[in-house]
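Single-structure report; data block below.
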Amino acid sequence: MFWDKETETLERSALEALQLQRLQATVRRVARKVPLYQQRFAEAGLKPGHIRSLADVRRLPFTTSADLRATYPTGMVAVAAGELLRLHTSSGTTGKPKALFFSRTDVDNAAGLMARCLTMSGITRRDVLQNMMTYGLFTGALVMHYGAEKVGCLVIPAGPGNSERQLLLMQDFRTTAVHVTPSYALYFADFLEKHGIDPRKDLALRKAFVGAEPYTEETRCKIEQALGIDVYNSYGLSEMNGPGVAFECVHKNGMHLWEDNFLLEIIDPQTGAPLPDGQPGELVLTTLCREAMPLLRYRTRDITSVIPGRCRCGRTHRRLHRITGRSDDMLILRGVNIYPQQIERVLMSLPQVGRNYLIELEGLDEMIIKVELAKAGFDGQVGHLVQLQAQISDRLRMELLVKPKVELVAPGSLPVSEGKAKRVIDHRTL
Ligand code: AMP
Ligand code: ZN
């Protein structure tokens, strides 16, 4: 099913012509309105007229999250104050937030892209969507909300947490789809099990749109099995509207990125050099339609690759591989580079392992991984626990090349956050 078939299946040559026209308009707009870009263009001797092909995007300066913080609150705005319709912020972990503005056109566009995503996964006006993301300054909930309303679904703005109420809403209003973080989806699956609810029999749930934080294919399988549903990977970031940037179609083989709205590059995060389709690197995005806050070559820090070839669904917009981590999530332990997703992949492939884990870094360079046991995965025999612990550390050593300490903990004993999960705590004294 298509929301906007013509755009979604545009031949590559037509799509690229559209991208070039929109890129040129965006460059002209920022050259007129945004002091940061005016200054960077002047330093590089660059004029909007120099952008004559899509490859010329490489002549443009990068934009980083540090630039957005440095120009906080309104330094990147490219429209008159009266044109601003909505403000979101992105939390980040330290320092000033990033302020992200939308004009009326931007709000409509973001909802339109979300509507494409939902329709692509088979959602129609007959669906009931329970939105379990945080409402507020975070883009995650509102952008999905507007998109689902555009499709015509009944939208339940539940927000996260309060699992009793989530369940009640699901039962009373026959929720068919949820929008949720992977960590809360796993937690909720546990909650249902604890309360003797069999989602396959007792609920009308069919699909979950899962995103906002990195997760592995193994975690997708765990959620699908526990809830008896299809899980679609949903990718976005506040700097690019929030959710609805890239999303899976029914084939679940990578996320179509809406290339008529975003120009995508994959670069080597160290050197900035472009990488070809198929090779993993940092995703860099340029907005092609944004009015209030256009961004050139935004460094997402997310590591992914473009999946070569066309998808069977007929869409021509290229697909991104699941995000394997953020370049700034990388841990360095005894000189070895480690992404938390590598650990998650190992843990979630083991049936005895439950649904939550925590990585703690301590002392000089020590990694301790706390792993919840699955409820059905432990028979109470200490010998089996010791065996499992050894099995997990061996597998992790093979994957990571360093051997972490593994502690097995009771199901449900690790903290669960309502928003994005915090998987790594660094207490190191280095
Ligand atoms: P925010 O700007 O707060 O919405 O956070 C955006 C960031 O969340 C992205 O840059 C990614 O690092 C992460 N993220 C969002 N969706 C996904 C996803 N489906 N898979 C992996 N990471 C994601
Ligand atoms: Zn497809």
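Remember, it's 1-based here, ligands and their atoms both numbered in the order they're listed.
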Under 3.5 Å donor-acceptor, Glu149 side chain and Val155 backbone
no
For Gly211, take its heavy atoms, then give the atoms of ligand 1 lying under 4.0 Å from any of them.
19 (N)
Using a strict cut-off of 4.0 Å, indicate which atoms of ligand 1 neighbour a heavy atom of Asn233.
18 (C), 19 (N)
Measuring from non-hydrogen atoms of Met255 to any atom of ligand 1, is the shortest distance under 4.0 Å?
no
Could you tell me, atom by atom, which parts of ligand 1 come under 4.0 Å of a heavy atom of Phe138?
3 (O), 4 (O)
So, Glu344 and Tyr215: side-chain donor and acceptor under 3.5 Å apart, yes or no?
no
So, Gln19 side chain and Leu263 main chain: donor-acceptor pair closer than 3.5 Å or not?
no
Is there a donor in the side chain of Asp108 and an acceptor in the side chain of Thr105, or the other way round, less than 3.5 Å apart?
no
Could you tell me which atoms of ligand 1, counted from 1 in the order shown, lie closer than 4.0 angstrom to a heavy atom of Ile323?
20 (N), 21 (C)
Got an N/O contact under 3.5 Å between Thr300 and ligand 1?
no
Are any of the N/O atoms on Asp302, whether in the backbone or the side chain, positioned under 3.5 angstrom from an N/O atom of ligand 1?
yes
How many angstroms lie between NZ in Lys98 and OG in Ser90, if you round to the nearest 0.5 Å?
4.0 Å
Any Ala212 heavy atom less than 4.0 Å to ligand 1
yes
Hydrogens and angles aside, do Thr287 and Tyr298 bring a side-chain donor and acceptor to less than 3.5 Å of each other?
no
Within ligand 1, which atoms have a heavy atom of Ser238 less than 4.0 Å away?
1 (P), 2 (O), 3 (O), 4 (O)
Ligand-side contact atoms (ligand 1) for residue partner Ser90, heavy atom cut-off under 4.0 Å:
2 (O), 3 (O)
Taking only heavy atoms of Gly236 into account, list the atoms of ligand 1 that are under 4.0 Å away from them.
6 (C), 9 (C), 15 (C), 16 (N)
Counting distance only, does the side-chain N/O of Glu248 pair as donor-acceptor with the main-chain N or O of Ser121 below 3.5 Å?
no
Report the part of Leu237 in contact with ligand 1, treating N, CA, C, O as backbone and CB onward as side chain, heavy atoms under 4.0 Å; options are side chain, backbone, both, neither.
both
From atom 23 (C) of ligand 1, work out which of Gln341, Glu248, Glu213 has a heavy atom at the shortest distance.
Glu213
Region of Pro243 that comes within reach of ligand 1 [heavy atoms, distance under 4.0 Å]
neither
Atoms of ligand 1 close to Ser234 [distance to a heavy atom under 4.0 angstrom, numbered from 1]
16 (N), 17 (C), 18 (C), 19 (N)
If you draw the axis of the six-membered ring of Phe62, does the NZ or CZ of Arg40 fall within 45° of it and under 6.0 Å from the ring centre?
no
Do Thr286 side-chain atoms and Arg297 backbone N/O form a donor-acceptor pair below 3.5 Å?
yes
Between Cys313 atom SG and His256 atom NE2, the angle centred on the Zn ion (ligand 2) rounds (to 10°) to 100°
Out of the candidates Lys222, Gln341, Arg345, Arg322, only one should pair with Glu217 under the side-chain hydrogen bond (donor to acceptor under 3.5 Å, both in side chains) rule; please name it.
Arg322
Could you tell me if any non-hydrogen atom of Glu239 lies under 4.0 Å from any atom of ligand 1?
yes
Are the side chain of Lys420 and the backbone of Ala212 linked by a donor-acceptor contact shorter than 3.5 Å?
yes
2.8 Å cut-off met by an N, O or S atom of His251 to the Zn ion (ligand 2):
no
